[in-house]
Amino acid sequence: MDSRTGLPVVGMVGGGQLARMTHQAAIALGQSLRVLALTPEDGAALVAADVHYGDHTDLAALRTFAKGCDVVTFDHEHVPTEYVRTLAAEGFTLYPPADALVHAQDKRVMRERLSALGAPVPAWRPVASPDEAVEFGERVGWPLVLKAARGGYDGRGVWVVDDPEQAREQARVLIEGGTQVIAEERVRLRRELAVQVARSPFGQVAAYPVVETVQRDGICVEVLAPAPGLSEELALAAQQLAIDIATALGVVGLLAVELFEVGTGPADGRLIVNELAMRPHNSGHWSIEGARTSQFEQHLRAVLDYPMGDTALTAPAVAMANVLGGAEGGMSIDERLHHLFAADPGAKVHLYGKQVRPGRKIGHVTVLGDDMDEVRARAVRAARWLREGE
Ligand code: ADP
């Protein structure tokens, strides 16, 4: 507890853009997020007042950080599960708890649990040898998807293999390198969707409208809220599925459920769960302007066991486009901003204070309006302009 304000202290492990934007939401709640960052250049370390430095894989550093926090939460999934468990046993409060968090850390554990819960998942199996990968491919068909159970993000850790030969070779390299591997059928998806739900320790849940996520090269580039043309039935089913998963897993804080929509149209549409993330997520950045309560505020409310905020849309159509680092040179980012603001006063820009590297997420743009095609085109144009200056 902060004795001056009488408000609880929330600590976030990890100093990236998610912590940076959570800090922004914390300010409005009268708080200042305490951040465990790796370096002073981390996006959140640049802006938060209460920054500690240490490695998230160092138990002693985590313990020192947790002292004085009322609740510790995470901006990424890389804190070893056993450390979360150890600190909880020592009396610290960490959300989401280890038993929930592990499902966002380990794709094999996640697939096992979701299968046991009867949630729709792709056909999958753990793969302990190249032969097992080939056998599975022969059964479910080619191409096949191989995934590292732990440590992947933005498509790193996902390999699509076209035939038995490729499967054998890729599986061999991974297994010999000590990677735990799972294989999945390659889902013929119509598009990718995501739904955010927040859950408090009290058990209150609040779901956001279902969004469409557009990926390029395994990286999310656009998010459209609400998902255009999604039937009411599938939208409700997706929200209910996310709520059921959050409740069954005992999630506290935000849960993002990444989904595949399969089928040929609204009549035979079906959902398959791809991934879980237990923190604010790129697929929810639109909510800063596009929902009554942003995902960042909602995550704080949830981990503090405050009642959940209203998740309703603030406009009929909301589009978010990520700004990826482009090539060096040309117009400065400052000049680009100047031109963008002149050209589109309604575009809301968020930059993360990161050094520009090609392909790195350095910010995002959100546009709100009445017509999805129009707001999408504006968001994409603005993001491309910031990236390329043309
Ligand atoms: P990461 O954890 O790196 O984000 P994901 O498991 O979310 O990896 O996969 C990244 C992307 O790869 C997905 O967004 C999707 O486009 C594609 N993908 C993953 N699994 C499958 C699958 N079983 N079938 C088809 N596409 C898949």
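Remember, it's 1-based here, ligands and their atoms both numbered in the order they're listed.
- Under 4.0 angstrom from ligand 1, the non-hydrogen atoms of Val187 come from both its backbone and its side chain.
- The shell of residues lying under 4.0 angstrom from ligand 1, judged by heavy atoms, excludes Trp124.
- Applying salt bridge (charged side-chain N to carboxylate O under 4.0 Å, His left out) to Glu261 and the options Arg188, Arg191, Arg270 leaves one that passes, Arg191.
- Contacts of Lys147 with ligand 1, taken as heavy-atom pairs under 4.0 Å, involve the side chain alone.
- Listed by atom number, the atoms of ligand 1 under 4.0 Å from Glu185 heavy atoms are 22 (C), 23 (N), 24 (N).
- What you find for Val257 and Leu276 is that their closest heavy atoms are CG2-CD2, 3.9 Å.
- You'll find the ring centres of His56 and Phe65 outside the 6.0 Å limit.
- Numbered from 1 in the order shown, with element, the atoms of ligand 1 that lie under 4.0 Å from a heavy atom of Glu192 read 13 (C), 14 (O), 15 (C), 16 (O).
- In the vicinity of Glu258, heavy-atom distances shorter than 4.0 Å reach the ligand 1 atoms 7 (O).
- When non-hydrogen atoms are compared, ligand 1 lies under 4.0 Å from neither the backbone nor the side chain of Val160.
- In the vicinity of Lys107, heavy-atom distances shorter than 4.0 Å reach the ligand 1 atoms 1 (P), 2 (O), 6 (O), 8 (O).
- Residue Gln355 qualifies as open at atom CD: its count of foreign heavy atoms under 6.0 Å is 12 or below.
- At a heavy-atom distance under 4.0 Å, only backbone atoms of Arg156 (N, CA, C or O) approach ligand 1.
- Not counting sequence neighbours, Glu135 has no partner by the side-chain hydrogen bond (donor to acceptor under 3.5 Å, both in side chains) test.
- Cluster annotation: Leu94 is connected to Val13 through the hydrophobic network of ILVMFWY side chains, with a link wherever side-chain heavy atoms come within less than 4.5 Å.
- Applying the 6.0 Å contact sphere to NZ of Lys354 captures more than 12 heavy atoms from other residues, nucleotides or ligands.
- Of all the heavy atoms of Arg186, the ones lying under 4.0 Å from any atom of ligand 1 are found in both the backbone and the side chain.
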